[in-house]
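Treat the numbers as computed from the prediction; the structure is a model and nothing was measured. Scope of the values below: all heavy atoms of this structure, side chains included, with no hydrogens, waters or symmetry mates. The first residue in the sequence is number 1, and the count goes up from there.
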Amino acid sequence: MNRYFNLINNTFKWQLFATLYITILQVATLILLGRYLDNNALGSFAVFQMIFRMALAIFDPGMFFSVVQKHEVSSKLLKLLTRHQLLYLFICIIILCFSIIIFKINYISNIILIAFSFLILFLIGIGSYTQQVLILKDKQKDIAIIQMLAYSIELVVLLILLMYYNPVYCFSFSIIIRFFVMYLINYLYGKTLSDSTKDNQIDFDSHVHSSRFNLYNQVLSFIQGHYDTAFIILMFGLSILGPYNLAIEFSFILFSKVNPLFNKSIFPVIAKARKEHQEPDSMMARQFINFISVIIPLYLILYVNSNSILTWAYLEKGSEIYYYSSFILFVALIKAFNNILFTYLLASGATKSIFYWNTGILLINYSICFILYWNQWSMDHFLYFSVAYSFVVLLFLMIQTSYHFPLFFNEIKSNGLTAFLILFFLVLILFGLQMVLHNPILLLVLSILVYVLLFLILDRKRLFNLLNLKIV
């Protein structure tokens with residue numbers, strides 16, 4: 001089991017370094033986004049982002065999911081999975097074309113953004129396999145360096161383009177540049193690596209079946225996860241979608257950085273442990289306790305400081321974005337838990353049961369969306385509902401996880417008491433400080449100090465392990 005621990009920790013170290021660097025660049029881009037674009041332009045860019053996220057959700061890894069999940073790769077296997085990926089990509093493009101014709105919103109009249117949307121969709125669809133091959137080969141250090149380079153080039157290109165062109169085009173095109181650079185380097189580097197599995201040892205049908213179910217799951221997960229976007233476009237239009245989407249970007253920035261660190265480090269190791277007939281429950285529980293010790297304090301610190309941060313970053317837009325964020329931050333925290341539990345289930349190979357789950361949630365979400373639209377709910381009602389609904393989904397995923405990993409929650413109960421005590425005291429102290437202090441810088445500094453001091457007093461070993469980048 002120590003071999004698995006080392007694999008997780010080594011992956012985590014490199015992913016953490018890259019994430020810290022990339023986060024700085026993305027925060028800078030997010031501030032520029034809010035300052036350069038008005039609400040309508042933000043709404044148009046939000047539609048581009050939705051298509052971009054759809055491409056990531058469905059096609060990265062898409063049909064190449066099984067390469068890491070089954071820990072097998074060969075040139076013949078990649079060609080087979082690529083053919084299936086291109087088929088689903090073509091179907092997706094056709095559906096998107098019909099959607100553009102049917103849903104007539106202001107975004108549709110902008111042919112350049114439509115072209116950029118299709119371009120990023122196609123680029124991710126044909127290039128995502130390159131990173132899966134490197135993940136399988138345990139090239140986490142190289143992946144981290146490539147990602148940092150791609151994000152750096154993206155920001156440089158963005159700053160240059162902003163001097164000459166329409167800002168909404170600049171932000172869209174710079175994302176395309178990032179993925180083009182990243183996939184190109186991945187491809188060139190991957191060509192130097194040999195196949196790790198002989199063709200006669202690979203069950204090709206099993207790979208196709210597993211990846212196909214995962215792709216279907218991702219399609220359903222994406223559609224059911226964006227019912228809020230559909231509701232806001234139908235009810236309020238792009239002028240509300242713009243600041244709402246910016247609030248989502250702000251609220252989910254920790255989710256988008258912390259969760260992949262833990263997911264990417266644990267997913268291939270759980271899959272490998274299952275392949276070698278080992279029980280990963282204890283390893284997962286250790287990682288989960290460390291995960292909550294990181295994600296909950298970070299979200300608490302962000303929440304108590306969100307008003308001052310958003311006012312500084314977005315000036316007059318800050319108050320509107322803060323109102324949305326005060327709800328969405330809770331949703332983001334709950335979804336952070338949902339996401340990591342979902343990763344455990346995927347790594348266990350439970351793709352079929354997850355498919356049925358996503359189908360049910362899809363029907364429920366859009367039934368709810370229809371009810372909200374029919375009853376003309378206000379934005380306030382919708383935000384309250386979003387928090388409650390995310391919590392219900394979390395409870396269901398906890399039940400599913402306990403079914404597939406029977407010892408998981410028992411391990412958490414026996415080893416996580418101190419971490420839960422720290423979090424309890426942290427909540428009380430931070431909200432107390434928020435009521436007393438009105439200086440945003442002092443509040444931020446004290447929030448971080450309280451977090452560190454509580455760990456030093458109650459769980460020094462865990463703190464030192466996290467500082468040494470050990471998550472199990």
> Compare every heavy atom of Ala41 with every heavy atom of Val168, then report the nearest pair and how far apart it is.
CG2-O, 3.9 Å

> According to the salt bridge (charged side-chain N to carboxylate O under 4.0 Å, His left out) rule, which pairs have a member within residues 27-56, sequence neighbours left out?
Arg53-Glu249

> Taking the six-membered ring for Trp, is the centroid-to-centroid distance between Phe255 and Tyr299 below 6.0 Å?
no

> Would you indicate whether the side-chain heavy atoms of Leu433 and Val304 approach each other to under 4.5 Å?
no

> Which heavy atom of Pro61 sits nearest a heavy atom of Gln132, and at what distance?
CB-CD, 3.4 Å

> Could you tell me whether the side chain of Leu155 reaches within less than 4.5 Å of the side chain of Ser174, counting heavy atoms only?
no

> With side chains defined as the heavy atoms from C-beta onward, is the minimum distance between Ile422 and Thr418 less than 4.5 Å?
yes

> Quick one: closest heavy-atom pair of Ile321 and Pro243, and the distance?
CG1-O, 4.1 Å

> Evaluate the criterion side chain to side chain contact (heavy atoms under 4.5 Å, CB included) for residue pair Leu121 and Ile58; output intermediate values, then yes/no.
CA-CA 10 Å; Leu121 177 62; Ile58 298 173; over 6 Å; no

> Counting only heavy atoms not in Phe122 (residues, nucleotides, ligands), do more than 12 fall under 6.0 Å from its CZ?
no

> Is Gln147 reaching over with its side chain to a backbone N or O of Met182, donor-acceptor style, under 3.5 angstrom?
no

> State which residues pass ring pair (Phe, Tyr, Trp, His ring centres under 6.0 Å) with Phe370; sequence neighbours excluded, sorted by chain then number.
Trp374

> Where do Gly127 and Thr130 come nearest, in terms of heavy atoms and distance?
O-OG1, 2.7 Å

> Once you round to the nearest 0.5 Å, how far does CZ of Phe52 lie from CD1 of Ile176?
10.0 Å

> Might you confirm whether atom CZ of Phe431 has over 12 heavy atoms from other residues, nucleotides or ligands at distances under 6.0 Å?
yes

> If the plane angle is over 60° it's perpendicular, under 30° parallel, otherwise tilted; pick one for Phe64 and Tyr129.
tilted

> Are the side chain of Ser251 and the backbone N or O of Ala332 linked by a donor-acceptor pair below 3.5 Å?
no

> Give, for atom OG of Ser402 and atom CD1 of Ile412, the distance between the pair rounded to the nearest 0.5 Å.
10.5 Å

> Do you know which two heavy atoms are closest between Ile177 and Val157, and how far apart they sit?
CG2-CG2, 4.1 Å

> Hey, what's the ring geometry for Tyr169 with Phe116, parallel, tilted or perpendicular (30° and 60° as the breaks)?
perpendicular

> Take the angle between the ring planes of Tyr88 and Tyr216 and call it parallel below 30°, perpendicular above 60°, tilted in between.
perpendicular

> Taking the side chain as C-beta and beyond, is there a heavy-atom pair between Val331 and Ile248 under 4.5 Å?
no

> Do Gln85 and Leu215 have side-chain heavy atoms sitting under 4.5 Å apart?
yes

> With rounding to the nearest 0.5 angstrom, report the CZ to CD1 distance, Phe337 to Ile296.
3.5 Å

> Kindly compute the distance separating OH (Tyr314) from CG (Leu33), expressed to the nearest 0.5 Å.
6.5 Å

> How would you list, by chain and number, every residue that makes a ring pair (Phe, Tyr, Trp, His ring centres under 6.0 Å) with Tyr323, sequence neighbours excluded?
Phe327

> Report the C-alpha distance between Met235 and Trp377 in whole Å, list the side-chain angles of each, state the deciding distance to 0.1 Å, and finish with yes or no for side chain to side chain contact (heavy atoms under 4.5 Å, CB included).
CA-CA 9 Å; Met235 282 289 295; Trp377 272 31; 5.8 Å; no

> Does the side chain to side chain contact (heavy atoms under 4.5 Å, CB included) test come out yes or no for Leu333 and Tyr303, once each step is laid out?
CA-CA 11 Å; Leu333 177 59; Tyr303 181 83; over 6 Å; no

> Return all side-chain donor-acceptor pairs below 3.5 angstrom for residues 385-394, not counting sequence neighbours, or 'none' if the list is empty.
residue	atom	partner	partner atom	Å
Ser386	OG	Phe382	O	2.9
Tyr389	OH	Asn365	OD1	2.2
Ser390	OG	Ser386	O	2.9

> Just checking Phe408 against Tyr344, ring centres under 6.0 Å apart?
yes

> Return the set of residues passing ring pair (Phe, Tyr, Trp, His ring centres under 6.0 Å) with Phe342 (not counting sequence neighbours), or none when no residue passes.
none

> Is the closest side-chain donor-acceptor distance between Ser152 and Tyr21 under 3.5 Å?
yes

> So for atom OH, which belongs to Tyr366, do other residues, nucleotides or ligands contribute more than 12 heavy atoms lying within a distance under 6.0 Å?
yes

> Would you indicate whether the side-chain heavy atoms of Phe45 and Leu113 approach each other to under 4.5 Å?
no

> Under the 3.5 angstrom rule, does the side chain of Asn39 hit a backbone N or O of Gly242 as a donor-acceptor pair?
no

> Any side-chain heavy atom of Phe171 sitting closer than 4.5 Å to one from Tyr36?
yes

> How far does CZ of Phe291 sit from CE of Met284, to the nearest 0.5 angstrom?
13.0 Å

> Would you check if Ser319 and Thr311 make a side-chain contact, meaning some heavy-atom pair closer than 4.5 Å?
no

> Let me confirm one number: the OH-CG distance from Tyr244 to Asp228, rounded to the nearest 0.5 Å.
3.5 Å

> Compare every heavy atom of Asn214 with every heavy atom of Gly62, then report the nearest pair and how far apart it is.
O-ND2, 3.9 Å

> Are Leu25 and Met148 close enough, and set up right, to give a side chain to side chain contact (heavy atoms under 4.5 Å, CB included), and what steps lead you there?
CA-CA 9 Å; Leu25 300 184; Met148 288 188 288; over 6 Å; no

> Glu154: what forms a side-chain hydrogen bond (donor to acceptor under 3.5 Å, both in side chains) with it, not counting sequence neighbours?
Arg178

> Flag yes if more than 12 heavy atoms outside Met163 fall under 6.0 Å of its CE atom; otherwise flag no.
yes

